Amino acid sequence: MTPLLETRDVGKTFGSVVALRGVSMTVERGGVTCVLGDNGAGKSTLIKILSGVHAPDSGTYLVDGEPVRFGSPREALDRGIATVYQDLAMIPLMSVWRNFFLGSEPPARGPSRALGGFDVATAKRVAREELRRMGIDIRDVDQPVGTLSGGERQSVAIARAVHFGARVLILDEPTSALGVKQAGVVLRYIAQARDRGLGVVFITHNPHHAYPVGDRFLLLNRGAGLGEYGKADIGRDELTSLMAGGAELDELAHELRRTDTPS
Amino acid sequence: MTAVTGDERVADPGRLRRLLIRPELGSVVGAIVVFAFFSGQSAVFRSVDGVANWLDPASTLGVMAVAIALLMIGGEFDLSAGVLTGTCGLVLVTLATRAGWNVWAAMLAGLAVALLVGFVNGLLVVRTKLPSFIVTLGTFLMLQGLNLGVTKALTGTVQVSGLRHAAGYDGARAVLAGSVTLGGTGFRVAILWWVAVTALATWVLTRTRAGNWVFAVGGNEQAARAVGVPAARVKIALFMTTAGAAWLVGSILALRFTSVQANAGIGQEFIFIIAAVIGGCLLTGGYGSPVGAAIGAVIFGMADKGIVFAGWDADWFKFFLGAMLLLATLANRLVRRYAEEVRR
Ligand SMILES: Nc1ncnc2c1ncn2[C@@H]1O[C@H](COP(=O)(O)OP(=O)(O)OP(=O)(O)O)[C@@H](O)[C@H]1O
Ligand SMILES: [Mg+2]
């Protein structure tokens, strides 16, 4: 089966800065590809290529097996590639259902359609159903998005992308600002989206968030891929130590132990 | 699961909160308090005649307050709206009396002028990205100068008058500035216009795509653009709506008094904004209600006439204005804290 997305040796330079070089990855239907790496490793640059913000300077980017060159995020969106950024593009004072349909409001049935009427009842019902289908339990779709927790808001954004036909969901550090419990909530929705057959690209610093949901793990270090691993090929500890640079972590642990123990 | 109990704990205050953050709440409470207060001071105030009396200033103010509320929900201000009512009246009376135009045609010309001013306001705001406070302060001063300068140049005085004798006057007056008698009391037709404008604004805001976009551009313009909302078009349309309301009010007042002073409408712009704020509009945009603004206008109608009925000096009205504004803004800030509070 051809993968939904694939990159072959893509690279990107900004002036003299080589942000990304020779990175290959794949995203399968119903699979979660985690992109891990330290700060400045090139994670955001890679997903900006996937979502059409940047075009790669070298290598090829394939969607459904055919090479593409996106000129804008809109073109990527039209191919079903949706990106949920940390700052979400939601309006805190507007209700959940208004946010859910903002920009794509269902037109009213009946005469008010011609006047730009908007089918409020359907919008509320669909928003509620769609959230429930993702396993998101929001009691009241009338409540302002600003009153939701960070994890819930992240989940609403995911549900919205899924509803509007996303086949690939790209999430840039959706869990980085969240506590343990809320991160768990978001991870559950990532799994939900995967189970509905979407391909997911999940960017994170945190191997403990990546490991439980991930099927493949792409490790980036200083702009270069350290390789793409399937879940069977790599254990959680190995992933953690690869990410942090194993030797460095051992050294750090050693250092911390000495200062912690009173003599 | 623990996650679920954690969420349920917030559910109950959430319901209370929703009731408290109805944007109209403050204005309804305020209207009840002000009505009770002046009813205690004067028996005429609470009679049917009294009600008809204070609903009259409330209606013209209300049409403007509702339009300004839409604009404020969309995140902008318009300081030129008051003086624009005068401009529209001057255009109407001048064309009908000095150029011999039919009143209806003169009104259409006034509408064209108003929509042009609104369009220019909107275009300047979206193109320059300057605060609308500054842009419309500029148009406010320019219109003020034009109103006086042109009137003086044409008439040698600071007013135009004589609309009564123009062709089409009686019909236009009946539609915009007449009265209907209900149970022996004459109510101004303007009250019907005010109710109609409020109902239309509410429908557009809550039941149309455009309304959703108004909330969105006022709440977070960047985010609204990111999901494909035509933010610039929405804002320009809002400025033109405000200008259209100024035309309606300017025409109503010109037909009622048959003359217009060159300084008409100046100083009203803040009262429109205050009525909208009392009605629950946040100064920062993205939140508010046309019904609230209409009730805010009722409060001002009651205070305006109530002070007279109670036999006080009209100067107290300004004091009242300031006190209401402070109270309303403080109440709104609490609301915003509630609504926008971010849990983690
Ligand atoms: N537009 C740009 N112009 C110049 N340099 C850039 C640009 N975007 C990214 N870079 C550089 O490319 C490198 C990779 O950045 P990128 O944002 O992809 O890292 P990241 O892995 O997302 O880091 P973080 O975890 O901090 O978000 C960095 O050195 C960064 O300074
Ligand atoms: Mg990044």
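Keep in mind that the numbers below use all heavy atoms, side chains included, and drop hydrogens, waters and symmetry copies. This one's a predicted model, so the numbers in the text were calculated from it and none came from an experiment. Order of the sequence lines sets the chain letters (A, B, ...), proteins ahead of strands, with each chain counted from 1.
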A quick test of your reading: do over 12 heavy atoms of other residues, nucleotides or ligands sit less than 6.0 Å from CZ of B/R233?
no

Bottom line for A/L77: the part with an atom under 4.5 Å from chain B's heavy atoms is neither

Below 6.0 angstrom between ring centroids: does that apply to B/F215 and B/Y287?
no

Validation row, ring centre A/F202 to ring centre A/H209 under 6.0 Å:
no

Please check if the distance between the ring centroids of A/Y61 and A/F70 is under 6.0 Å.
yes

With a strict 4.5 Å heavy-atom criterion, list every residue of residues 190-205 of chain B that contacts chain A, or say none.
B/W203, B/L205

Per-residue tally against chain B (heavy atom, under 4.5 Å) across A/A123, A/G116, A/S112 peaks at A/G116

I'd like to know if the side chain of B/E24 pairs up with that of B/S289 as donor and acceptor (distance under 3.5 Å, no hydrogens or angles considered).
yes

Who are the side chain to side chain contact (heavy atoms under 4.5 Å, CB included) partners of B/A237, not counting sequence neighbours?
none

Test ring pair (Phe, Tyr, Trp, His ring centres under 6.0 Å) applied to A/F101 and B/W213, step by step
CA-CA 11 Å; A/F101 282 99; B/W213 299 346; over 10 Å; no

